[in-house]
Amino acid sequence: MSMKYTYERSPQAVVQQDGRGVNQLEIAANAHHILDAHSKTWGTVSYTNACTWDVQGTETSDYHLVAPYIMSDTIGGNIKSERYYFNAGYAWHSKRWTVGGALSYRALLAYRDRDPRPKNRVGHLYADISAAYALTNRHLLSVHLGGQKYKQSSSLEFKNPHKVVKEYHETGLGTVYARFTGDKTNNDIQGQAYQTSLALYPQQLSGFGAQIDWGTMQLEKKLNGFNELPLTDLEINSYKLLAYFKRVNTHNKWRVQTLANVLARRGTENIFGTDATTTFEKISERQYYDQNVYVLSVQGLYEWDYNKKQRYSILAECTWEDNSQKHKKEGYQLDYTWLNTNMAVSAHWPLKKSCLHLSATGKMQWGMDSNFGMPRTVERKYFIKNYETASKSQLRLSTHIRYDSPWSIGTKQVFLVGDYQYGHFAQSLQTHKGSVGFGIIL
């Protein structure tokens, strides 16, 4: 069991829709139980209470998942939230077969207690099942299937009738569904997702491995109060190919890995006829929004031990990423190309009656090319701010410490954790984020 407190407050946001910081408390419990020589179970339960400061450009939760089809206004503000998470899994293995499955559920309530007052309720269910078979003495063949069910119900109201502002149903790159702009603030976003992967793992300590993943998700946004009017549809497809080689020796091991990833998001707007009656008739649909993300990376990892007790590791990674968005109707375009270099080091020291683990990570991102192909108007001020940060180079540093102490509560061992993150962005923006926590091992 553990408890963790996180605090961040920055002079301005790196991404406007993520806010300028957070004040958060998380309580979690993790369990792992071996049933017999062939099977085991595990589970996780957590509760998170948070306040995210100065969220701008969205009144919809899970912004990075459901964008661009969000609801927004020109005011924004702090968002309070409560999150509940549950996960349970089971695995069984024999001489050649390993089979397992897991279920998880995330429930989120996000709201603001001042005008404008959104209230978002999210339910997100995950189901996974995997099977692996030992082909020979050298490799395992693994197959994974997964599914998701998602729903977000959003409503927004004003307590002060004299300070009502327009709510916009965005359609990408600052465009809005003008016909439904105003006080139509109740909507649902719902859909489902499917994933599958095929992997080949080395059964021995050394060897080649490869994995191919595919996933798809469909999300539909409906406007409540108008016969569940379907405004937009978002389709997300992802493809990933991973290949690596690893070697394990007596006192060290190393691994070289390459990754290719493609993400494609396609957005469709539904077009309706006259609203002379209470029924809007769908007369057409147009696929206007496109986003394509291409990622290539190369990674190397080296680990070694000293006196069979102390362990050290160093990881280096270089990633190229191209991210382009386009709204075909208006001809607007937003493009980024980045080169990222990452370096991570870690150390693990067993002490007399305790254990200390330290790690540090550095990430440098260079903005190689960018294009803001749309008008720089007030309506797009959030896109402009995000662009000014994302198109420039940035530095991120982080550290993590865990101390498994000799102290105990009864027979329960106590451990302490701490994290710190630093960011340096365009226009001399600096961010600081820290967290501290403790837990007990039952």
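Residue numbers count from 1 along this sequence. This is a predicted model, so every value here is computed, not measured.
Here Phe180 and His169 keep their ring centres 6.0 angstrom or further from each other. Ring centers of His327 and Tyr289: at least 6.0 Å apart, outside the cut-off.
With sequence neighbours left out, the side-chain hydrogen bond (donor to acceptor under 3.5 Å, both in side chains) criterion links Arg376 to no other residue. With sequence neighbours excluded, the residues satisfying side-chain contact (heavy atoms from CB on, under 4.5 Å) with Ser238 are Leu263. Shown here are the salt bridge (Lys or Arg N to Asp or Glu O under 4.0 Å) partners of Glu269, two or more places apart in sequence or in another chain: there are none. Under the side-chain hydrogen bond (donor to acceptor under 3.5 Å, both in side chains) criterion, Thr181 pairs with no residue at all, not counting sequence neighbours. Considering only residues two or more places apart in sequence or on other chains, Asp128 meets the salt bridge (Lys or Arg N to Asp or Glu O under 4.0 Å) condition with none of them. In this structure, the side-chain hydrogen bond (donor to acceptor under 3.5 Å, both in side chains) partners of Tyr312, at least two apart in sequence or on a different chain, are Gln310, Trp349. A search for salt bridge (Lys or Arg N to Asp or Glu O under 4.0 Å) contacts involving Arg396 returns nothing, not counting sequence neighbours. In this structure Tyr84 satisfies the ring-ring contact (aromatic ring centres under 6.0 Å, His included) test together with Tyr47, sequence neighbours excluded. The salt bridge (Lys or Arg N to Asp or Glu O under 4.0 Å) search around Lys119 returns none, not counting sequence neighbours. Residues passing the side-chain contact (heavy atoms from CB on, under 4.5 Å) test with Asn87, sequence neighbours excluded: Trp42, Thr44, Tyr85, Ala102, Ser104. With sequence neighbours left out, the side-chain hydrogen bond (donor to acceptor under 3.5 Å, both in side chains) criterion links Glu317 to Asn342.
One side chain, Gln148 or His124, offers a donor N or O that lies under 3.5 Å from an acceptor on the other. Asp369 and Thr337 share no donor-acceptor pair across their side chains, judged by distance under 3.5 Å alone. A donor-acceptor contact under 3.5 angstrom links the side chains of Asn386 and Gln17, judged on distance only. Side-chain contact annotation: Ser370 with Tyr387, donor-acceptor N/O pair under 3.5 Å present. Side-chain contact of Asp213 with Gln211: a donor-acceptor pair under 3.5 Å is present, judged by distance alone. Residues Tyr5 and Asn23 bring a donor and an acceptor atom of their side chains to less than 3.5 Å of each other.
Taking the ring axis of Phe272 as reference, the NZ or CZ atom of Arg179 does not stay both within 45° of it and closer than 6.0 Å to the ring centre. Geometric assessment of Arg9 against the ring of Trp53 yields a positive cation-pi assignment under the 6.0 Å and 45° thresholds.
Note: Phe245 and Phe208 have tilted aromatic rings, judged against thresholds of 30 and 60 degrees for the angle between ring planes. Using bins of under 30°, 30° to 60° and over 60° for the plane-to-plane angle, the ring pair Trp338/Tyr336 lands in the parallel bin.
The two atoms that bring Glu167 and Pro116 nearest to each other are OE2-CB, 4.1 Å, heavy atoms only. Closest approach of Gly57 and Glu170 over heavy atoms only: O-OE2, 3.8 Å. Nearest approach of Thr361 to Ala344, heavy atoms of both residues: OG1-CB, 3.8 Å.
Among pairs with a residue in residues 71-91, those fulfilling salt bridge (Lys or Arg N to Asp or Glu O under 4.0 Å) read Glu26-Arg83, Lys80-Asp113, at least two apart in sequence or across chains.
Salt bridge annotation for Arg106-Asp62: present, with a cationic side-chain nitrogen under 4.0 angstrom from a carboxylate oxygen. By the 4.0 Å N-to-carboxylate-O rule, Lys221 lies too far from Asp188 to be salt-bridged with it.
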Inset, instruction - Would you check, one step at a time, whether the test side-chain contact (heavy atoms from CB on, under 4.5 Å) holds for Val122 with Tyr150? - result: CA-CA 8 Å; Val122 175; Tyr150 180 88; 3.7 Å; yes
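Atom-to-atom distance recorded for Leu356:CG and His348:NE2 is 9.0 Å, nearest 0.5 angstrom.
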